[in-house]
A.B. asks: 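Have a look at this one.
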Amino acid sequence: MKVGVLRATLVSLIACAPAAIAQGARIPSEVVDAFHAALRNKDTAGALSMLDRGLVVFEFGAVDPTVEAYAFQHLPFDMDVAVATRWQLETRRVGGEGNERWVLSTYRVTGKQADGTPIDQTTLETVVLRRTGDLFRIVHFHWSTNDPAFQARAQGQRSKSQAR
Amino acid sequence: MLLRTKLCALSALTCLFASTVALAGHDNIEVDPAFKRYAGLVTALGSADPEGRIYSFQAVQGGPARAKYVPDELRGWRLTVLAGKRFAAVFEVQANTESEITVTLLDGPLNGLAVRDAFVVENVAVKR
């Protein structure tokens with residue numbers, strides 16, 4: 001009987017989860033996880049719903065100064081990466097107070113690139129969130145990697161693009 | 001007038017691209033696209049029906065995809081608004097030409113969409 005009640009409760013919680021995510025998660029770390037889940041599930045609107053309209057993104061030395069610039073230019077590629085790779089959370093620290101919070105995470109990212117080259121690196125992520133009403137939304141991302149070869153390659157590509 | 005609107009949209013596109021440098025997602029990783037997609041900017045809104053509802057708009061293509069969509073290629077694809085009052089709103093494409101996109105009635109009208117709003121159209125069904 002108790003097992004049945006527990007099962008029913010779990011089923012009910014799982015059934016409610018997508019709705020809760022759609023409305024916007026309330027705990028900062030849940031917002032970060034929901035953003036990554038939305039990317040992995042190819043849910044563009046779901047990912048956008050986690051972002052504050054004042055979002056600024058720093059990504060491997062590049063800047064997306066507005067949420068529109070990030071959504072237009074980088075989010076599609078971030079979705080491709082999320083679908084093609086596995087992100088395993090390794091460490092997380094949270095902090096801040098009141099309406100401003102931060103979530104620091106490291107992920108082991110594994111998978112294969114388009115040319116078959118294996119991916120196995122640590123991605124570092126800083127997320128700043130702001131609460132508006134009952135909802136925390138992301139106002140800043142900063143991503144980098146511990147892999148100096150990748151970092152150098154990304155910055156080299158960027159230098160070439162800027163020189164053109 | 002229409003030419004001026006298109007030029008404004010192209011200028012807005014340039015601003016979006018100039019703000020960052022086009023590299024792969026999470027910049028250091030290059031993977032295959034999860035699905036085919038196109039992005040663009042609204043250049044004009046379509047005519048409203050007698051109740052004032054708008055279901056179509058004119059657009060100019062932009063974004064990371066270099067290819068251009070062809071008439072009715074986007075039929076059944078998911079359109080997500082990336083800017084403005086309808087930020088994150090989702091629609092299903094009913095039909096398209098090279099310059100105009102019409103959405104189905106299923107997700108409501110496009111009202112609130114504005115010239116220079118960005119959008120992405122992805123080859124994936126709208127979940128309802």
Side-chain angles (χ1 to χ4, degrees), chain A residues 18 39-51 53 57 59-85 109 111-115 117 119 121 123 143-145 147 149-155 157-162, chain B residues 9 12-42 59-65 77-92 107 114 116-128:
Chain A
L39 288 183
R40 204 166 47 246
N41 294 329
K42 306 176 188 176
D43 180 2
T44 303
L48 294 176
S49 71
M50 302 296 151
L51 306 179
R53 299 301 294 273
V57 178
E59 188 165 8
F60 298 91
V63 179
D64 286 315
T66 65
V67 69
E68 290 84 4
Y70 173 70
F72 194 74
Q73 182 72 1
H74 263 129
L75 185 142
F77 291 126
D78 289 348
M79 182 175 288
D80 294 341
V81 171
V83 170
T85 56
V109 179
K112 283 189 177 172
Q113 304 207 58
D115 63 1
T117 310
I119 301 163
Q121 65 177 63
T123 291
W143 285 295
S144 60
T145 178
D147 186 328
F150 270 131
Q151 192 84 34
R153 199 180 68 165
Q155 289 175 344
Q157 285 175 344
R158 191 168 298 115
S159 300
K160 277 185 203 166
S161 300
Q162 284 169 338
Chain B
L13 268 175
T14 306
C15 287
L16 280 173
F17 278 111
S19 62
T20 184
V21 178
L23 292 169
H26 293 293
D27 279 8
N28 58 333
I29 299 174
E30 292 174 14
V31 297
D32 290 323
F35 41 58
K36 200 169 179 183
R37 60 170 75 88
Y38 298 100
L41 284 189
V42 176
V60 59
Q61 276 188 251
W77 290 27
R78 181 180 71 192
L79 184 149
T80 306
V81 182
L82 304 178
K85 283 184 188 169
R86 303 304 306 272
F87 181 78
V90 174
F91 303 90
E92 182 179 330
D107 307 294
R116 299 178 68 173
D117 280 352
F119 66 88
V120 62
V121 192
E122 298 160 310
N123 188 5
V124 60
V126 175
K127 283 186 186 168
R128 297 190 181 87

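Letters A, B, ... are given to chains in the order of the sequence lines, protein chains preceding strands, and every chain is numbered from 1.
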A.B. asks: Under 3.5 Å, is there a donor-acceptor pair linking the side chains of A/Thr44 and B/Arg37?
C.D. replies: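 Judged by distance alone, the side chains do not pair up.
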
A.B. asks: Pick one of side chain, backbone, both or neither for A/Val109, based on which atoms fall under 4.5 Å of a heavy atom in chain B.
C.D. replies: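 Looking at A/Val109, just its side chain touches chain B.
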
A.B. asks: How many angstroms lie between CG in A/Asp43 and CZ in B/Arg78, if you round to the nearest 0.5 Å?
C.D. replies: 6.0 Å

A.B. asks: So, for A/Lys42 and B/Ala34, which heavy atoms are closest and what is the spacing to 0.1 Å?
C.D. replies: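 For A/Lys42 versus B/Ala34, the nearest heavy atoms are NZ-O, 4.0 Å.
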
A.B. asks: Does any N or O in the side chain of A/Asp80 come within less than 3.5 Å of the main-chain N or O of B/Asp32, such that one atom is a donor and the other an acceptor?
C.D. replies: no

A.B. asks: Checking A/Met79 against B/Glu122 for the side chain to side chain contact (heavy atoms under 4.5 Å, CB included) test, could you report, in this order, the C-alpha distance in whole Å, the side-chain angles of both residues, the deciding distance, and whether it holds?
C.D. replies: CA-CA 12 Å; A/Met79 182 175 288; B/Glu122 298 160 310; 4.3 Å; yes

A.B. asks: How close do A/Ala45 and B/Val90 get, counting heavy atoms only, and between which atoms?
C.D. replies: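 Taking every non-hydrogen atom into account, CB-CG2, 3.3 Å.
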
A.B. asks: Quick check against the 3.5 Å criterion: does A/Arg53 have a side-chain atom that pairs as donor or acceptor with the backbone of B/Gly84?
C.D. replies: yes

A.B. asks: Are the side chains of B/Phe87 and A/Val67 in touch, meaning some heavy atoms are under 4.5 Å apart?
C.D. replies: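 They are in side-chain contact.
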
A.B. asks: Under the rule for side-chain contact (heavy atoms from CB on, under 4.5 Å), what residues qualify as partners of A/Ala47, not counting sequence neighbours?
C.D. replies: A/Phe35, A/Ala38, A/Leu39, A/Leu75

A.B. asks: Run the side-chain contact (heavy atoms from CB on, under 4.5 Å) test against B/Lys36 and tell me which residues pass, sequence neighbours left out.
C.D. replies: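 Scan of B/Lys36 (side-chain contact (heavy atoms from CB on, under 4.5 Å), adjacent residues dropped) gives B/Tyr38, B/Glu73, B/Trp77, B/Asn123.
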
A.B. asks: For a 4.5 angstrom cut-off between non-hydrogen side-chain atoms, does B/Val120 reach A/Phe72?
C.D. replies: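 No, their side chains stay 4.5 Å or more apart.
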
A.B. asks: Could you tell me the separation between the CD atom of A/Glu68 and the CG atom of B/Leu41, rounded to the nearest 0.5 Å?
C.D. replies: 11.0 Å

A.B. asks: Is there a donor-acceptor contact under 3.5 Å from the side chain of A/Gln113 to the main chain of B/Val31?
C.D. replies: no

